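This report concerns only the one structure given below.
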Amino acid sequence: MSALPPPADGPSQTESDLATLLFRWAWVMTPLSWGVWETVRTSLALFR
Amino acid sequence: MSTPDTNQSGDSAPGFLDRERIVAGPGFNRWLVPPAALAIHLAIGEVYAFSVFKIPLTHLIGGSEPSPADWTQSDIAWVFSIAIVFLGLSAAVFGQWLERVGPRKAMFASAACFGSGFLISAVGVVLHQIWLIYLGYGVIGGIGLGLGYISPVSTLIKWFPDRPGMATGLAIMGFGGGAMIGSPLAQLLMAHYRTSSTPGVAETFVTMGVGYFLFMMFGALTVRVPSPGWYPAAAGSTERRADHGRPSRAAEPPGVTADEAIKTPQFWLLWGVLFLNVTAGIGVIEQASPMIQEMFPGRVTPEAAAGFVGLLSLFNMVGRFGWSSLSDKIGRKTTYAVFFLLGATLYALTPHSGRLDGVALFVLGYGIILSMYGGGFATIPAYLRDQFGTLQVGAIHGRLLTAWSAAGVMGPGLVNYIREYQLEHGVPKVEAYTVTMYVMAGLLVIGFVCNLLVRPVDRRHVAVTPPASPFPAGATHSPSPI
């Protein structure tokens, strides 16, 4: 048993896992990347 | 004595949304927090994309042939204005509440308001009652915007005291990026739901309301706050910065309450700094599409002008992260000095690009201006933190955002008024923006002076002086090195 248990709703050790980190960043960066791509795609009309 | 970190509910167990339930434990990786902040800002940034609903909302009754009973574009334009006004007001009013209850409750309230704003607006579309859209998207959604804007900023600034500019830039970058997601998403959904009898706006509002609520709840559920007195142990870089007289661990700014902050000249000088920077930029954003078409007649089509607007959004978003991160290295005052001097120079020079027929030069000039517009939004919370500390930085930031509401009225009004005055006096369209540019350059020079006058806050306003070095290097409260 750990000497310092996490708070009831606090982060567990697994939250420090790289997978968790990557998942959380992917959750927000995926829609943002799509939005940026759509913007760049429509912006190309300016230079046609 | 009650402090923002004190359990307000006494001895009872903290509720699921309470601050006490989200205090991070030892060894928590602080890089897990920015996605929570981004989830909120990417969602509420959708407000910048509201213009995609303008045309469909004016064709609800008549369909392809607008009916006299249909709403006008002016009716619809009020929705955005009301939302921005309520953003500023709610950020100012609820800032201290946020500091007391913590970011999870505030983010949940934001998600509930923003999501239900869409749902109420959908009912307004079905019943064709414009006041329901004003109430839903404008008032209730606007309150969601205000709460959602300040909660992540206040949280991240506490997690990254060694890099406050980068932290706030990361969150506020999301607000700029939200429009880039919201606009194509709304168009996709309307195309999906459109039938011969309806443009699919109500269905799109329902889908976006539910979708954004869930997306924002990801942020509310994963957000964490540092334990009281926490400071990152990996402060080598901050100690190096201390040699250059900039904010550092050793020079952690003292805590000033929101009520006390508004009594200082620093608060009002920074209010002026934000107001003038936003006024100069927001007028251009609002008028970007017609402006480039009128300055380069025959060379820039409406489709290409839409591309220009998209490109400005991109510069706006990148500037939010880039400039605010740079401010950690060169200091907040220097960063704003660059905004004002470079901005004034570019505003004074861009009318000449119209005469030189240089579209690329014009686009580049305005891209840089818009990057500084975004950078101004993103750097101001860190500037506030330097002056007033993190004690109630969310509440102080909320009050400062009233400058945004004021600039939202002033900027577009100024650009449109000067343009119309010029045209009425026989100035050709291609030259109609020249005086506007010079006026904007003048505003930025005033902003430069305001920024120059900012000095450290007088100690008599300080409520709490944090310890200079709360934890030795390598303490258990340090974040993991990722």
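Remember, it's a predicted structure, so these values are computed and weren't measured experimentally. Hydrogens, waters and symmetry mates are skipped; everything else that's a heavy atom, side chains included, is used. Each chain gets a letter, A, B and so on, in the order its sequence line appears, and its residues count up from 1.
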Report yes if the side chains of [X] and [Y] come closer than 4.5 Å at any heavy-atom pair, otherwise no.
X: W27(A); Y: L38(B); result: no
X: L311(B); Y: T39(A); result: no
X: L32(A); Y: M317(B); result: yes
X: P35(B); Y: F23(A); result: no

Short side-chain to backbone donor-acceptor contact, W25(A) and W31(B), under 3.5 Å: yes
Which atoms of L188(B) approach chain A - backbone, side chain, both or neither, heavy atom under 4.5 Å: side chain
Neighbourhood of chain A inside residues 173-181 of chain B, taking heavy atoms under 4.5 Å as contact: M173(B), G177(B), M180(B), I181(B)
Exercise: identify the closest heavy-atom pair between L42(B) and V28(A): CD1-O, 3.4 Å
Residue pair S43(A) / G310(B): nearest heavy atoms and the distance that separates them: OG-C, 3.8 Å
Over 12 foreign heavy atoms within 6.0 Å of CH2, W37(A): no
